[in-house]
Amino acid sequence: MSETSSTTQMSAVMQTYNRFPITLMKGKGSYVWDDTNKKYLDYTAGIATCNLGHVPDVVKEAIDNQLENLWHCSNLYQIPSQEALAKKLVDNSAGDQVFFCNSGAEANEAAIKIARRYAQKVKQNNAYEVVTFNQSFHGRTLATLSATGQEKIQEGFQPLMPGFRYLPYNDIAALEDLIHPETCAVMLELIQGEGGVIPANPVWVEKLVQLCKENDVLIMVDEIQTGMGRTGTLFAYQQYGFEPDVISVAKGLGSGFPIGALIAKEYVAKAFEPGSHGSTFGGNPLASTAGLATITAMTDTDFQQKSNVQMEYLWTKLEELNTKYDQISNIRGKGFLIGIEVTGKAIDYVTKAREEHQLLILIAGEKVIRILPPITTTKAEIDQALDILNKLFAEMG
Ligand SMILES: *Cc1c(COP(=O)(O)O)cnc(C)c1O
């Protein structure tokens with residue numbers, strides 16, 4: 001402890017976040033309670049993580065049961081829940097094999113590594129460059145922040161990792177410069193989340209995919225925010241009519257239990273051999289159990305159809321909101337990944353919503369309010385949120 005710490009009441013936690021001044025103690029479904037027992041409608045879902053709502057019964061039961069038996073064993077042993085989760089992921093995506101890690105950044109880190117190794121070991125053409133896009137967000141490790149197309153994320157961390165090139169997002173003309181001889185992969189979000197909730201234009205995606213296929217360059221989709229049912233399908237790429245070579249997943253995969261995954265086509269997956277990549281915790285019995293219960297709930301039932309009904313309902317109402325209030329310049333996104341661009345400061349809306357209306361929402365950049373309801377949210381909860389949003393825009397107008 002330093003000499004001054006007792007007088008300055010400095011937090012022992014590094015100040016890497018602008019934390020809101022509330023302390024959440026309990027969550028169930030779409031609601032959370034703070035330490036004064038105040039109840040909030042949580043339309044952040046832990047930033048697109050608690051997609052089944054808080055403490056979902058099916059996942060809780062599975063984790064409770066696993067807690068009694070085995071928490072962790074290393075990846076040097078067979079892990080049946082990890083096998084089962086991988087099977088579910090490949091059965092419900094374009095991929096064939098999965099590598100497990102603990103976060104989104106790690107999933108993208110693995111994507112970058114496998115793309116380079118695929119070029120160097122399988123194709124033997126020594127390509128190494130990964131093309132990403134302006135305003136993208138791919139994580140905070142040195143490689144993934146170098147992949148991220150935002151200077152504010154990279155500030156003070158120079159030199160960046162070499163091997164990345166950025167192009168403007170949704171810019172069809174700029175695709176002429178997509179592929180260089182050293183390019184091994186393109187990495188993209190189909191809706192840029194942190195960058196301001198910007199959906200990819202389908203015509204642009206089609207052209208991009210075509211160029212990658214023609215030139216034998218990998219297409220890697222970062223589905224960390226868009227995946228696990230958030231946009232109306234298990235993965236967002238499924239609405240764009242193509243098959244990616246590599247898919248990175250995290251956030252919603254474990255319902256709040258930390259887990260990340262890299263899903264790849266078999267020809268790419270084989271670039272990783274025993275010893276080429278690894279993780280101590282990746283896909284351990286507890287994490288895999290959480291993931292398995294989560295994806296089982298999302299795929300074995302009419303889960304997605306039911307949530308799509310609520311998504312459509314909310315979007316109809318958002319259109320009404322859009323025409324009603326002048327301070328809304330644009331509403332965009334897909335499913336339950338929603339951005340409301342406002343003329344003022346988005347953070348002012350977020351603060352007022354929390355302090356005066358007990359609604360938790362987020363920002364995505366200075367001018368965009370980001371709304372991420374749990375995918376399990378009900379019509380009654382949506383009506384409650386809309387009622388609050390109406391009041392909020394009327395008050396701020
Ligand atoms: C959150 C996010 C990441 C990083 O995930 P972490 O688990 O925070 O490392 C990467 N890409 C996208 C699109 C994200 O939304």
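In each ligand, atom 1 is the first atom listed, and ligand 1 is the first ligand listed.
- On a distance-only criterion, Phe137 and ligand 1 share at least one N/O pair closer than 3.5 Å.
- The nearest protein atom to atom 15 (O) of ligand 1, hydrogens excluded, is given as Lys251 NZ, 2.6 Å; this is a heavy-atom distance.
- No donor-acceptor pair under 3.5 Å is formed between the side chain of Asn322 and the backbone N or O of Leu318.
- Inclusion of Ala105 in the set of residues having an N or O under 3.5 Å from an N or O of ligand 1 is warranted.
- Below 4.0 Å from some heavy atom of Asn108 lie the following atoms of ligand 1, by number and element: 10 (C), 11 (N).
- Scanning the protein for heavy atoms near atom 5 (O) of ligand 1, the closest one is Gly104 CA, 3.3 Å.
- Scanning the protein heavy atoms around atom 11 (N) of ligand 1, the nearest turns out to be Asp222 OD2, 2.8 Å.
- Under 4.0 angstrom from ligand 1, the non-hydrogen atoms of His138 all belong to its backbone.
- Every residue meeting the side chain to side chain donor-acceptor pair (under 3.5 Å) condition with Gln192, not counting sequence neighbours, appears here in chain and number order: Gln135.
- Here the two rings, on Tyr43 and Phe336, have centers that are 6.0 Å apart or farther.
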ring-ring contact (aromatic ring centres under 6.0 Å, His included) between His54 and Tyr31, intermediate numbers included: CA-CA 7 Å; His54 290 278; Tyr31 293 95; 9.7 Å; no
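- By the criterion of a heavy-atom distance under 4.0 Å, neither the backbone nor the side chain of Thr226 is placed next to ligand 1.
- The proximity of Ala250 to ligand 1, defined as any non-hydrogen pair under 4.0 Å, does not occur for either the backbone or the side chain.
- At a 3.5 angstrom cut-off on N or O pairs, Gln225 counts as close to ligand 1.
- Listed by number with element, the atoms of ligand 1 under 4.0 Å from a non-hydrogen atom of Ser103 are 7 (O), 9 (O).
- With salt bridges taken as basic N to acidic carboxylate O contacts below 4.0 Å, one links Lys28 and Asp57.
- Close approach of ligand 1 to Glu189 (heavy-atom distance below 4.0 Å) involves ligand atoms 13 (C).
- Side chains of Glu381 and Gln310: no donor on one and acceptor on the other come within 3.5 Å.
- For atom 8 (O) of ligand 1, no protein heavy-atom neighbour is found at a distance under 4.0 Å.
- Within the structure, the ring pair (Phe, Tyr, Trp, His ring centres under 6.0 Å) test picks out the following pairs touching residues 153-182 (sequence neighbours left out): Tyr169-Trp204.
- Looking at Glu223 and Thr226, their side chains do bring a donor and an acceptor atom within 3.5 Å of each other.
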